[in-house]
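Presented below is the structure to which this report refers.
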Protein chains: 2
Amino acid sequence: MKVSEASQLTGVSTDTIRYYEKEGLIPIIDRNDSGNREIDERIIRRITFAKHMRSAGMSIKALKQYVDLVDDTEDNTAKQKAILREQVADMEERRDDIQFAINHLNYKLEHYDDHMKEAENELRELENK
Amino acid sequence: MKVSEASQLTGVSTDTIRYYEKEGLIPIIDRNDSGNREIDERIIRRITFAKHMRSAGMSIKALKQYVDLVDDTEDNTAKQKAILREQVADMEERRDDIQFAINHLNYKLEHYDDHMKEAENELRELENK
DNA sequence: TGTTGACTTAGAGTGTGCTCTAAGTAATAT
DNA sequence: ATATTACTTAGAGCACACTCTAAGTCAACA
């Protein structure tokens with residue numbers, strides 16, 4: 001699979017795929033005889049995973065640390081584990097903030113709907129006079 | 001309350017408080033005779049709210065739109081409502097991504113703990129020989 | 001055979017959201 | 001009186017995460 005197809009499939013731009021490879025968020029991708037990237041299912045999964053993590057608010061740097069840990073490319077010290085725990089704690093806080101925000105906006109939307117309905121009813125009454 | 005105290009209380013830097021005021025994310029703050037900001041409980045709540053929304057991944061622009069809508073400083077059109085609904089949908093997606101990421105990291109941490117325990121047990125056995 | 005189009009690279013440019021700087025004012029302490 | 005400290009402003013600078021540009025290579029089709 002070419003990089004453009006991988007982009008289509010994952011919703012991550014070709015530039016960003018190349019950038020993630022350079023930054024080590026995904027593995028180095030094999031090249032064909034012409035020097036072009038040949039992307040397989042494993043890389044697709046890694047791109048999608050990176051996309052999820054970035055969308056969840058994980059920084060490039062934090063994601064790199066995580067990837068290095070899981071890929072066993074660096075030593076797995078207790079310090080690395082502590083970094084991971086911190087990241088989980090950050091995410092839990094962010095998740096709670098998001099839920100708060102969703103609840104808040106939904107409440108306001110319902111409220112707003114009420115206003116709309118009132119306005120619509122007023123209009124209807126005027127029309128039926 | 002001075003801006004530095006508000007910063008301490010909310011965990012938002014003085015620079016950022018001034019920036020949020022300039023951008024209209026919080027109301028214009030009253031000044032005292034010296035021209036310094038006099039921050040009250042209402043402003044504190046607004047700063048905290050902005051902090052929550054930002055932490056939830058809402059952009060400055062989107063937050064401004066929302067604030068304008070709720071503050072009734074602009075006309076409340078159905079278009080504005082649609083914008084809000086989009087923001088809620090975005091946040092729900094982001095929340096799900098975060099939960100996915102948390103689950104993933106927690107699983108890896110448990111796995112990692114197993115490795116640690118094995119290593120510890122091996123050490124203990126060696127010591128008890 | 002030439003030109004179209006997708007790929008490659010290194011590196012420059014961009015938008016967002018702060019964060020810092022410089023220059024100035026005002027209140028307080030010595 | 002003067003020094004310190006916290007505030008003010010406009011605007012410059014910065015980190016992050018892309019995103020675009022330029023210059024070049026390669027395969028395929030007219």
Side-chain angles (χ1 to χ4, degrees), chain A residues 1-40 43-44 46-67 87 90-91 94 97 101, chain B residues 1-40 43-44 46-67 87 90-91 94 97 101:
Chain A
M1 190 191 307
K2 285 180 290 180
V3 73
S4 58
E5 295 170 283
S7 172
Q8 284 257 319
L9 200 61
T10 60
V12 176
S13 78
T14 57
D15 276 328
T16 300
I17 290 171
R18 285 189 274 255
Y19 170 68
Y20 283 179
E21 185 191 16
K22 196 161 59 183
E23 294 301 313
L25 303 193
I26 60 176
I28 301 288
I29 302 166
D30 290 340
R31 313 298 155 115
N32 63 18
D33 292 348
S34 317
N36 295 4
R37 287 170 180 77
E38 189 49 54
I39 296 177
D40 59 17
I43 300 293
I44 292 293
R46 292 293 297 263
I47 295 169
T48 304
F49 176 72
K51 186 191 176 191
H52 272 297
M53 292 297 178
R54 290 286 306 121
S55 169
M58 197 181 219
S59 72
I60 298 289
K61 193 177 157 190
L63 184 49
K64 178 74 167 69
Q65 283 176 333
Y66 171 71
V67 160
Q87 286 169 12
D90 281 356
M91 284 185 187
R94 196 153 39 236
D97 277 344
Chain B
M1 188 191 307
K2 286 179 290 180
V3 73
S4 58
E5 296 169 282
S7 172
Q8 283 258 318
L9 200 62
T10 59
V12 176
S13 79
T14 56
D15 276 329
T16 301
I17 291 171
R18 285 189 273 256
Y19 170 68
Y20 283 179
E21 186 192 13
K22 196 161 59 182
E23 294 300 316
L25 304 193
I26 60 176
I28 301 289
I29 302 167
D30 289 341
R31 312 299 154 114
N32 63 19
D33 292 347
S34 316
N36 294 5
R37 286 171 181 79
E38 189 50 55
I39 296 177
D40 61 17
I43 300 294
I44 292 293
R46 292 294 296 263
I47 294 169
T48 304
F49 175 73
K51 186 190 177 191
H52 273 298
M53 291 296 177
R54 290 285 307 121
S55 169
M58 196 183 220
S59 72
I60 298 288
K61 193 177 158 189
L63 184 49
K64 177 76 165 70
Q65 285 176 332
Y66 171 69
V67 160
Q87 286 168 14
D90 282 355
M91 284 185 186
R94 196 153 38 234
D97 278 345

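Chain naming here is simple, since letters A, B, ... match the order of the sequence lines and numbering starts at 1 in each. Worth saying up front: this structure is predicted, and the values here are computed from it rather than measured.
Using a 4.5 Å cut-off on side-chain heavy atoms (C-beta onward), B:V3 and B:R18 make contact. A heavy-atom distance below 4.5 Å is found between the side chains of A:R37 and A:R31.
Per the geometry, CD1 belonging to B:I60 stands 11 Å off P belonging to C:dT19, to the nearest Å. Rounded to an integer number of Å, the gap from CG of A:D33 to P of D:dA28 is 12 Å. Look at CG on A:N32: it is 11 Å from P on C:dC7, rounded to the nearest Å. What separates CE of B:M58 from P of C:dT16 is a distance of 16 Å, to the nearest Å. Across the protein-nucleic acid pair, A:E38 atom CD and D:dA27 atom P stand 14 Å apart, rounded to whole Å. Between A:L25 atom CG and D:dC18 atom C1' there is a gap of 12 Å when expressed in whole angstrom units. Nucleotide D:dA6 holds its P atom 8 Å from the NZ atom of B:K2, rounded to whole Å. Between the P atom of D:dA17 and the CD1 atom of A:I47 lies a distance of 18 Å, rounded to the nearest Å.
Within the structure, every pair that satisfies the side chain to side chain donor-acceptor pair (under 3.5 Å) test and touches residues 50-59 of chain B, not counting sequence neighbours, is listed here: A:D97-B:H52, A:D97-B:S55.
Listed in residue order, the members of residues 8-23 of chain A having a heavy atom less than 4.0 Å from DNA chain C are A:R18.
The side chain of B:R37 contributes an N or O atom lying less than 4.0 Å from OP1 or OP2 of D:dT8. Residue B:S34 places no side-chain N or O under 4.0 Å from the OP1 or OP2 atom of D:dC7. For the pair A:R54 and D:dC18, the criterion of a side-chain N or O lying under 4.0 Å from OP1 or OP2 is met. Considering only side-chain N and O atoms, A:R31 lies under 4.0 angstrom from the phosphate OP1 or OP2 of C:dT9. Contact check, A:S59 against D:dC16: no side-chain N or O comes under 4.0 Å of OP1 or OP2.
Annotation for B:N32: atom CG counts as buried by contact number, over 12 foreign heavy atoms lying within 6.0 Å.
We find the CD-CE distance between B:Q87 and B:M58 to be 3.5 Å, quoted to the nearest 0.5 Å.
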Full working for side-chain contact (heavy atoms from CB on, under 4.5 Å) between B:I43 and B:M1 = CA-CA 10 Å; B:I43 300 294; B:M1 188 191 307; over 6 Å; no
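Judged by distance alone, with hydrogens and angles left aside, the side-chain atoms of B:E21 form a donor-acceptor pair with the main-chain N or O of B:I29 at under 3.5 Å.
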